Protein chains: 2
Amino acid sequence: MTSAATTATTAPEEPGRRLSSDERRAQIILAALTVFGSRGYEGATTDQVARAAGVSQPYVVRLFGTKEKLFLATLEFGLDRLLGVFREALAASDEGGERPAGKRIGEAYIDLIEVRGLHQTLAHAYLLGSNPAIGAAARQGFARVWRFFRDEMGLDADEARVFLAEGMLISTMIGLRIVDDYGSDTQITELFRACFPNKLPHVLEVLPRSEPL
Amino acid sequence: MTSAATTATTAPEEPGRRLSSDERRAQIILAALTVFGSRGYEGATTDQVARAAGVSQPYVVRLFGTKEKLFLATLEFGLDRLLGVFREALAASDEGGERPAGKRIGEAYIDLIEVRGLHQTLAHAYLLGSNPAIGAAARQGFARVWRFFRDEMGLDADEARVFLAEGMLISTMIGLRIVDDYGSDTQITELFRACFPNKLPHVLEVLPRSEPL
DNA sequence: GTCTATACTGAGATAGAC
DNA sequence: GTCTATCTCAGTATAGAC
């Protein structure tokens, strides 16, 4: 449990190699996403993040300054990634009217489960409105998403609200980990099904791989 | 800061009076709702709950056993209360077709901001799916709500999903505390407005009273 | 039923070596 | 760029008095 390779969440790396601090930062943020995602900001420890990233706890603090700054960096990464895939999906072709922008973006959102902990970390951040630093960042981030729907995607306020709402529900279902109670494809509840129209198989394949840590 | 009356979140009580342990439990759960709501399960401390309730920290632990059990009790209280007001709203009369059940229940959900921290505490619980005890309780609780929509209210799976989604968005907006960045009635954003159709004035009146602690 | 005092532990952060 | 050792404090839980 001391070697990087053993516990690393991220892609395999050549064992003996020394990474640039930017590479490490990126790697740690990926790990932080999974840890913050499952335990939340306060519940997560910098040590858990460090282990998941295969580095020592003090080094995580060294690179990011404080746990709070680490969380803020992780949140920003998550939001950038989210808006990144949304923009890609928006720009993608319509395939002859079969996949309108709304559908593409909805699916892109669900596909983000591949980036483990992203949905949950954002959702946790959104709940921390009372926290001075994190709350402010969360509101800003949420506003960015809202503006994407309104300005870039061109939805009206009502359509945007519905979109956002479905997104929040999906995040909730992921955070709840209904998979844990109902096993694999057979017993999954109607409740869970109803949340992932046409994406269920994919979700069922990916979610159980997201270790609770 | 030692007297009960000074810091109590809940209703004024006669200073010198000794409460039954059930009364205390109820009072502490109310306080716990606000504290867990703003800081989350891990972020909240039993001491903050104790202060908010006007009792000593060890006594909170004494009454509930552990912080986890306190959270579970608080979660259950919140869910009971939620389903309670939903059932009331469902049973209420239609007022000549002006307020169908869906609308009444939606409004009842928003009116629950009066029970400070309820929405946020539930939302926090829903995100803790990876936690053995809390995750299981949260899934159970979420399923109860789902069944209310399906069985008692008679919605089909799709309608129920839409309902739940709007609810998750509303909880998110409350947790985000957009009020904090945009002050009172004047500067409130479109984003916030869009989430509380016809309920904005009420929300704007209550939310700012919910102290961040 | 409720408090004060306190034991114990876990976790963030710092110092300093390599 | 990264580690080990360690300080320090906050927070849960226990003991025991009133």
Side-chain angles (χ1 to χ4, degrees), chain A residues 1-8 10 13-29 31-32 35-36 39-74 131 133-134 213, chain B residues 1-8 10 13-29 31-32 35-36 39-74 131 133-134 213:
Chain A
M1 66 217 55
T2 43
S3 127
T6 327
T7 41
T10 43
E13 99 216 27
E14 310 88 282
R17 180 156 162 261
R18 217 127 170 192
L19 303 179
S20 77
S21 97
D22 275 356
E23 286 173 303
R24 274 291 185 223
R25 285 181 66 95
Q27 190 184 25
I28 290 171
I29 282 177
V35 178
F36 284 131
R39 323 277 265 232
Y41 168 57
E42 306 266 10
T45 72
T46 54
D47 189 58
Q48 289 164 345
V49 173
R51 281 179 207 281
V55 297
S56 69
Q57 179 270 331
Y59 190 46
V60 169
V61 175
R62 172 77 91 139
L63 280 185
F64 291 88
T66 63
K67 181 185 173 183
E68 186 176 77
K69 282 182 190 159
L70 169 62
F71 186 81
L72 291 171
T74 306
N131 178 304
I134 295 174
L213 295 165
Chain B
M1 68 215 58
T2 43
S3 128
T6 327
T7 41
T10 44
E13 102 217 27
E14 311 86 284
R17 176 152 166 264
R18 220 125 171 192
L19 302 180
S20 78
S21 98
D22 274 356
E23 286 173 304
R24 274 292 186 223
R25 284 181 68 94
Q27 188 183 25
I28 289 171
I29 283 177
V35 177
F36 284 131
R39 324 276 266 230
Y41 168 58
E42 305 265 11
T45 72
T46 53
D47 189 58
Q48 289 163 348
V49 173
R51 280 178 207 281
V55 297
S56 70
Q57 180 270 331
Y59 190 46
V60 169
V61 175
R62 170 79 88 139
L63 279 186
F64 291 88
T66 64
K67 179 184 173 182
E68 188 176 74
K69 282 181 191 159
L70 169 62
F71 186 81
L72 292 171
T74 307
N131 179 304
I134 295 174
L213 295 167

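Side-chain atoms are counted along with the backbone in the values below, which use heavy atoms only and exclude waters and symmetry mates. Here is how names work: the chains are called A, B, and so on, in the same order as the sequence lines, proteins then strands, and each is numbered from 1. Just so you know, these numbers come straight off a predicted model, no measurement behind them.
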For the residue pair B/F36 and B/Y41, does the interplanar ring angle fall in the parallel (under 30°), tilted (30 to 60°) or perpendicular (over 60°) class?
tilted
Atom pair CZ/CD of A/R39 and A/Q48 - distance to nearest 0.5 Å:
4.0 Å
Point-to-point distance, once rounded to the nearest 0.5 Å, from CD of B/Q57 to NZ of B/K67
10.5 Å
Does any donor-acceptor pair link the side chain of B/R25 with the base of C/dG1 at a separation under 3.5 Å?
no
I'd like to know if B/Q57 reaches the base of D/dA13 with its side chain, counting only an N/O donor and acceptor under 3.5 Å.
yes
Say you draw a straight line from CG of A/L63 to CD1 of A/I28; how long is it, rounded to the nearest 0.5 Å?
5.0 Å
Nearest-Å distance for atom pair CD/C1', residues B/Q27 and C/dT2
13 Å
Atom CZ of A/R39 to atom C1' of C/dA11: distance rounded to whole Å?
13 Å
Which nucleotide, D/dA15, C/dT14, C/dA11, lies nearest any side-chain atom of A/T45?
C/dA11
Tell whether A/R62 reaches the base of C/dG16 with its side chain through a donor-acceptor pair below 3.5 angstrom.
yes
Output the rounded distance in Å from CZ (B/F71) to C1' (D/dT12).
17 Å
Between D/dG1 (C1') and A/D22 (CG): distance, integer Å:
12 Å
The nucleotide from C/dT2, C/dA15, D/dT14 with an atom nearest the side chain of B/P58 is D/dT14
Determine: side-chain N/O of B/S21 to OP1/OP2 of C/dG1, distance under 4.0 Å, yes or no.
yes
Rounded to the Å, how far apart are A/L19 CG and D/dC3 C1'?
15 Å
Mind checking if B/T46 touches a base, just sugar-phosphate, or nothing, with heavy atoms under 4.0 Å?
sugar-phosphate
Between B/Q27 and B/R24, do the side chains contain an N or O donor and an N or O acceptor separated by less than 3.5 Å?
yes
Interatomic distance where CG belongs to A/D47 and P belongs to C/dG10 [whole Å]
12 Å
Taking the minimum atom-to-atom distance to the side chain of B/Y59, which one of C/dC3, C/dA13, D/dC3 wins?
C/dC3
Can you check the B/K67 NZ to C/dG10 C1' distance for me, whole Å?
12 Å
Atom CD of A/E42 to atom P of C/dG10: distance rounded to whole Å?
18 Å
